[in-house]
Student: 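Dropping a structure here in structure tokens format, bear with me for questions.
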Amino acid sequence: MTADLRVRQFGRADAAPRAYRRRGGPPWWFALPALLFFAFVVLVPSVRGVYYAFTDWDGLDPEFDFIGLRNFTDMLDDATASQAIWHTLLIAVAITVIQNGIGLLLALGVNSAIKSRNILRVLLFAPVVVTPIVTAYLWRNLLGPDGAVNSLLAVVGLESWQQDWLGDPDLALWMVVLVVVWQFAGYSMVIFLAGLQSIPREIYEAAAIDGTGAVRRFWSIVRPLLAPAITINLMLSIIGGIKLFDQVYALTGGGPGHATDTISTLIYKDAFTLGEFGYSIALAVVLTIIIAIVSAGQYAALSRNERAAS
Amino acid sequence: MNRYTARTFALEMLMVAVGIVFAFPVYVLVNLAIRSPSDTSSPIRPTTSPTFANFTGAWREAGLGGALVNSVLVTAVSVLIVLAVSALAAYTLARSTARWSRGTFLLIMLGLILPFQLAALPLYQTVRDLGLLGSVWSLVLFYSGLQVPFTTFLYVGFLRALPRDFEDAAAIDGCSPLATFRYVVLPMLKPVTVTALVLNAVAVWNDFFTPLLYLSGSDQQTVPVAVAGFVGQFVSDWNLIFAALRISIVPVLVVYLALQRSIINGFAGGLKG
């Protein structure tokens with residue numbers, strides 16, 4: 001009702017006294033600087049990008065042709081591209097499930113009465129702030145044939161497990177997942193922890209007095225109250241996973257062969273090493289469509305879940 | 001649940017073990033960075049005669065000094081711009097009831113799902129035409145736009161939960177809109193500003209894809225690009241690479257350890273919405 005009043009005051013702004021006019025809200029031009037930066041950097045280039053996706057532009061030549069859907073139909077025949085799309089989805093789902101699973105367990109652990117909880121929080125979160133490209137190079141060495149992971153296996157008597165972890169096409173993709181999970185499990189943990197700490201203690205205590213078991217307590221009390229944290233964590237990790245670039249670039253460069261190429265690494269290679277700008281941007285359009293579908297689906301599912309929980 | 005029981009102790013041991021597993025890569029990083037190149041024993045064996053020669057070598061070869069200065073400059077300037085323009089825009093978008101306001105907000109929120117690869121490639125051409133390729137100022141421009149949607153989203157969420165009585169009072173007292181923003185709204189935004197500052201600084205500092213496009217091959221680099229170039233150049237000299245990696249993470253870890261409480265809270269709080 002108050003909102004209606006303000007709209008009407010705003011509508012009659014010219015006739016209204018100055019003080020009332022200001023109550024209609026801050027002036028529109030406050031939004032202008034942000035809008036200009038956003039339009040110049042994101043909006044206009046994205047629209048232009050969609051246009052280039054229908055051309056055979058090489059990124060340099062001022063002359064190029066409009067080729068309709070050919071970039072997209074080429075993609076269907078391009079085994080590397082369809083593989084990369086598959087890898088992207090697989091990595092995104094694997095990261096989302098594993099990172100949030102571990103993040104939740106860590107959050108439950110450091111939310112308990114253990115004495116080392118504060119130092120563990122600091123330690124487990126630390127990788128989050130370190131540049132991903134740097135941690136990825138670190139892991140490239142750890143996972144190498146003479147790396148620390150193989151050395152560790154030798155120490156515990158598992159020599160037979162030793163191998164070139166990033167050199168095996170079947171394993172390399174999972175190593176990318178491992179590195180991302182190692183780095184960002186602390187991120188999920190902190191968001192879950194914030195959710196856990198917003199749950200009043202009385203609820204736990206009441207349940208404990210009623211003799212409810214830990215699993216039941218978690219499933220019936222904690223999980224519904226954690227719904228907002230779950231929503232945010234899932235959205236962040238799945239979109240982050242779909243866009244993943246740095247870790248793949250530093251760990252494997254998309255190899256061996258194309259075993260770990262994702263849409264993002266392929267976009268980079270096609271544009272800057274093969275000079276196929278048009279095709280590369282068509283891939284970026286596919287990436288956008290995937291993200292839009294996943295976000296919309298997730299938003300619908302999760303807001304239903306949150307409503308059900310509240 | 002407050003008593004320290006045998007189960008709590010078991011959990012404590014388990015969590016400490018998990019902590020050690022998570023810290024293991026960092027142990028190896030430090031261990032190898034202080035080892036002489038001739039020492040080829042197992043990477044997990046503690047180094048017996050530590051040397052700091054790798055650090056001076058890496059510092060000299062990687063051009064990390066210049067890269068650190070560039071990264072600090074780019075991060076500071078673009079985060080400052082993003083916070084200023086986003087807070088101002090969010091104030092209008094959260095308060096105005098006009099129809100264009102909602103449309104503008106949704107348009108900006110579209111930026112949350114657009115992948116940066118889509119805009120970064122056409123923008124590469126614009127940056128080249130403007131003669132900014134290879135200059136860190138192209139990055140400042142890029143982040144100033146790229147980080148607007150997320151930051152505006154944080155500010156709008158916070159503002160919507162904030163009563164508007166103070167602003168109305170200031171307006172009635174004859175305070176101009178800009179002065180109301182500066183002296184009434186901005187101070188109230190302080191908690192979310194700290195969160196936005198941390199999240200933006202981490203995002204800008206860590207970004208690799210964009211500087212790789214806009215700066216590669218030039219003498220102006222940021223830390224991630226300098227590190228990547230260095231690794232490419234000294235492919236198998238891992239002691240040197242590890243020293244470079246360690247130099248590059250020291251500033252981040254120092255800032256993190258100094259501010260860890262507010263950083264962890266900021267990450268969680270900013271995302272709780």
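Below, chain A is the first sequence line, B the second, and so on; all start at residue 1. Everything numeric here is computed off the predicted structure, so don't read it as measured data.
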Student: Just by distance, do the side chain of A/T288 and the backbone of B/L114 share a donor-acceptor pair under 3.5 Å?
Tutor: no
Student: Apply ring pair (Phe, Tyr, Trp, His ring centres under 6.0 Å) to A/F245 and B/F116, showing your working.
Tutor: CA-CA 11 Å; A/F245 176 81; B/F116 51 85; 7.8 Å; no
Student: Answer yes or no: is there a donor N or O on one side and an acceptor on the other, between the side chain of A/Y268 and the main chain of B/L213, under 3.5 Å?
Tutor: no
Student: Name the region of A/L106, side chain, backbone, both or neither, that has any atom closer than 4.5 Å to a heavy atom of chain B.
Tutor: both
Student: Please determine, among B/A228, B/G232, B/P25, B/A89, the option with the most heavy-atom pairs under 4.5 Å with chain A.
Tutor: B/P25
Student: Quick check on ring pair (Phe, Tyr, Trp, His ring centres under 6.0 Å): which of A/F125, A/F192, A/F184 does B/F267 satisfy it with?
Tutor: A/F125
Student: Who pairs with B/M109 by side-chain contact (heavy atoms from CB on, under 4.5 Å), at least two apart in sequence or on another chain?
Tutor: B/F105, B/L112, B/T152, B/F153
Student: For the candidates A/V128, A/N141, A/I133, A/V110, which exhibits the highest count of non-hydrogen atom pairs separated by less than 4.5 Å from chain B?
Tutor: A/N141
Student: How far apart are the closest heavy atoms of B/P122 and A/R48, and which atoms are they?
Tutor: O-NH2, 3.6 Å
Student: Taking every heavy-atom pair that is under 4.5 Å apart, which of A/L123, A/V130, A/N150 has the most such pairs with chain B?
Tutor: A/V130
Student: Using side-chain contact (heavy atoms from CB on, under 4.5 Å) as the criterion, list what pairs up with B/S78, not counting sequence neighbours.
Tutor: B/V74, B/V140, B/Y143, B/S144, B/V204
Student: Go through the atoms of A/F30 and report whether side chain, backbone, both or neither lie under 4.5 Å from a heavy atom of chain B.
Tutor: both
Student: How close do A/A148 and B/V28 get, counting heavy atoms only, and between which atoms?
Tutor: CB-CG2, 3.7 Å
Student: Dump the intermediate steps for side-chain contact (heavy atoms from CB on, under 4.5 Å) on B/L118 and A/Y52, then the final yes or no.
Tutor: CA-CA 10 Å; B/L118 187 62; A/Y52 287 134; over 6 Å; no
Student: Which bit of B/S248 comes within less than 4.5 Å of chain A, counting heavy atoms only: side chain, backbone, both or neither?
Tutor: side chain
Student: Check B/P224 against A/T131 and note the closest heavy-atom contact, atom names and distance.
Tutor: CG-CG2, 3.8 Å
